[in-house]
**Student:** 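Below you'll find the structure I mean.
To find a chain, count down the sequence lines: A is the first, B the second, and so on, and within it residues start at 1.
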Amino acid sequence: MRLGLCCIFREEPIKFRRTTAAYLARQAPADRRQYLADIAGANAAALKAALVYCRENGIGAFRINSQILPLKTHPAVGYDITDLPGHADIRAGFEACGRFSRRHDIRTSFHPDQFIVLSSPNPDVVRRSIADLAYQAEVAEWVNADVINIHAGGAYGDKAAALRRLEVVVERLPPAIRSRLTLENDDRTYTPRDLLPLCEQIGIPLVYDVHHHRCRPDGLSVADVTARAAATWDREPLFHLSSPLEGWKGAKPARHHDYIDPADLPVEWLNLELTVDVEAKAKELAVKALRAYLDAGR
DNA sequence: AGCGGTCAAGTTGAT
DNA sequence: ATCAACTTGACCGCT
């Protein structure tokens, strides 16, 4: 089982830079481009450092923050990579990450945030979402990321209709997005039971988040969803795991704990060829702790 | 140098 | 009707 680290580090001094639209808007255009170029270059270097850390610590996957090129598609201060001074070097930095990822078999992925909604009845929301996915797909090409994982979005009072809209949009996506796109069950709206039929029908892999499934049960067992979700993948499946902050009987079980309680790791996942992204607030420490637990148990 | 308010976006559900 | 929760810090203006 390959364990994955999500986006950031708790103790290791590897940081990704960001900025704000308000700040950028105040800068003269040339200053703005240079500032963004500095951030992009720094983030390429940070990604390389993250991948090296993963390799040296037995971490087999890394999720890349969707702000790796901050505000890339912002309506007022968005930019093309070729607008940035030194853009060839910036791109080369990301491509070096891609070669490292291939050579050392560190799987990388993207998880666009909640604003990316392909099922929205608002065409402008969908259009802007696709623009953001296109940016992440471009970086994914550079860095050898095989997954861009999103949620199914809102229900708008009619889940079936929303999923039909989603299907239409997905089928029209450009190949760089479509070939990487995956769907994940969430903890309030779309369960595995809702998503599996669509995933099976049009060939979108399901990222099975067992914590969300436990927060929002749908009558399917962990064993059933594990098998059906794994079958939606034409490559190594990617699943998500976390533990509840205050236990399963706490007020808000959806909130994530610092670490993974090994009891939350489904026994059905053991001995599968699988990537498990560890969604735990102690980040690399939690991944290493779970790794140690698994290695000790063999 | 350190502190704290603020940060693009959508949707749901708790208050 | 409003607002926190999603991810969670990092940034930037101010002292």
**Student:** If you measure from the P atom in dG13(B) to the same atom in dT7(C), how many Å do you get, rounded?
**Tutor:**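 Approximately 16 Å lies between the P atom of dG13(B) and that of dT7(C).
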**Student:** Do Asn185(A) and Thr191(A) get their side chains close enough for a donor-acceptor pair, meaning under 3.5 Å?
**Tutor:**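 Not at all, the side chains of Asn185(A) and Thr191(A) share no donor-acceptor pair under 3.5 Å.
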**Student:** Using atom NZ of Lys159(A) as one end and atom P of dT11(B) as the other, report the distance to the nearest whole Å.
**Tutor:**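 Going from Lys159(A) (NZ) to dT11(B) (P), I get 16 Å.
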**Student:** Quick one: side-chain contact (heavy atoms from CB on, under 4.5 Å) partners of Arg91(A), sequence neighbours excluded?
**Tutor:**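 By the side-chain contact (heavy atoms from CB on, under 4.5 Å) rule, Arg91(A) matches Glu95(A), Trp142(A).
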**Student:** dG13(B) P sits how many Å from Asp186(A) CG, rounded?
**Tutor:**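 Going from Asp186(A) (CG) to dG13(B) (P), I get 9 Å.
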**Student:** Whole-Å distance between dA8(B) C1' and Asn122(A) CG?
**Tutor:**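 Those two atoms, CG and C1', are 15 Å apart.
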**Student:** If I take atom CZ in residue Arg127(A) and atom P in nucleotide dG10(B), what distance separates them, rounded to the nearest angstrom?
**Tutor:**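 Rounded to the whole Å, the gap is 12 Å.
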**Student:** Could you tell me how far apart Arg128(A) (CZ) and dA8(B) (C1') are, to the nearest whole angstrom?
**Tutor:**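 Atom-to-atom, Arg128(A) to dA8(B), this comes out as 8 Å.
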**Student:** If you group Ile, Leu, Val, Met, Phe, Trp and Tyr whenever their side-chain heavy atoms sit less than 4.5 Å apart, what else falls in with Leu285(A)?
**Tutor:**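 Besides Leu285(A), the cluster holds Tyr259(A).
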**Student:** Is a side-chain donor-acceptor pair under 3.5 Å present for Arg102(A) with Asn144(A)?
**Tutor:**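 The answer is yes; a qualifying pair exists.
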**Student:** Just checking, any donor-acceptor pair under 3.5 angstrom between side chains of Asn149(A) and Thr182(A)?
**Tutor:**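 Asn149(A) vs Thr182(A): donor-acceptor pair found between side chains.
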**Student:** Run the salt-bridge test on Asp132(A) and Arg128(A) with the 4.0 Å N-O cut-off and return the result as yes or no.
**Tutor:**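 No salt bridge links Asp132(A) with Arg128(A).
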**Student:** By the 4.0 Å heavy-atom rule, please label Asp132(A) as base, sugar-phosphate, or nothing.
**Tutor:**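 The residue Asp132(A) makes base contact.
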**Student:** Which letter, B, S or -, goes with each nucleotide of nucleotides 4-11 of chain C from 5' to 3', with contact meaning a protein heavy atom under 4.0 Å?
**Tutor:** -SBBBBSS
**Student:** May I have the step-by-step check of ring-ring contact (aromatic ring centres under 6.0 Å, His included) for His212(A) and His240(A), ending in yes or no?
**Tutor:** CA-CA 9 Å; His212(A) 289 160; His240(A) 289 178; 7.6 Å; no
**Student:** Classify the side-chain pair His213(A)/Tyr208(A) by whether it contains a donor and acceptor separated by less than 3.5 Å.
**Tutor:**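 The criterion, which ignores hydrogens and geometry beyond distance, is satisfied for Tyr208(A) and His213(A).
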**Student:** Using whole Å, what does the distance between atom C1' of nucleotide dC12(C) and atom CG of Asp38(A) come to?
**Tutor:**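 That distance rounds to 16 Å.
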**Student:** When you compare dC3(B) with dT8(C), how far apart are their P atoms, in angstrom units rounded to a whole number?
**Tutor:**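 Comparing P positions in dC3(B) and dT8(C) gives a spacing of 24 Å.
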**Student:** Is Glu284(A) reaching over with its side chain to a backbone N or O of Glu11(A), donor-acceptor style, under 3.5 angstrom?
**Tutor:**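 At least one qualifying donor-acceptor pair exists.
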**Student:** Sub-3.5 Å donor-acceptor pair from the side chain of Asn57(A) to the main-chain atoms of Ile59(A), do we have one?
**Tutor:**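 Flag not set: sc Asn57(A) to bb Ile59(A) has no pair under 3.5 Å.
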**Student:** Would you mind listing every ring-ring contact (aromatic ring centres under 6.0 Å, His included) that reaches into residues 40-72 of chain A, with sequence neighbours excluded?
**Tutor:**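 Pairs touching residues 40-72 of chain A that pass the test: Phe9(A)-Tyr53(A).
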**Student:** Regarding Ser66(A), tell me which of base, sugar-phosphate or nothing describes its non-hydrogen contacts under 4.0 Å with the strands shown.
**Tutor:**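 If one applies the 4.0 Å heavy-atom cut-off, Ser66(A) turns out to touch nothing in the nucleic acid.
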**Student:** Dot-bracket for DNA chain C, please. Rules: Watson-Crick or G-U, both distances under 3.5 Å, ( ) within the strand, [ ] when a pair crosses earlier ones, | for another strand, . otherwise.
**Tutor:** ||||||..|||||||
**Student:** Within residues 144-158 of chain A, find the residues that approach DNA chain C with a heavy atom at under 4.0 Å, and present them sorted by residue number.
**Tutor:**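 Contacting residues: none.
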**Student:** Given the P atoms of dG10(B) and dC11(C), what is the spacing between them in whole Å?
**Tutor:**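 These two P atoms come out 24 Å apart once rounded.
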**Student:** What interatomic distance, in whole Å, is found between P of dT6(B) and the corresponding atom of dA4(C)?
**Tutor:**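 Each nucleotide's P atom is 12 Å from the other's.
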**Student:** Whole-Å distance between dA9(B) P and Gln136(A) CD?
**Tutor:**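 Answer to the nearest Å: 17 Å.
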**Student:** Can you confirm whether the side chains of Arg55(A) and His104(A) place a donor and an acceptor under 3.5 Å from each other?
**Tutor:**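 Looking only at side-chain atoms, His104(A) and Arg55(A) do form a donor-acceptor pair, the distance falling under 3.5 Å.
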**Student:** Output the rounded distance in Å from CG (Leu71(A)) to P (dA9(B)).
**Tutor:**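 The answer, rounded to whole Å, is 11 Å.
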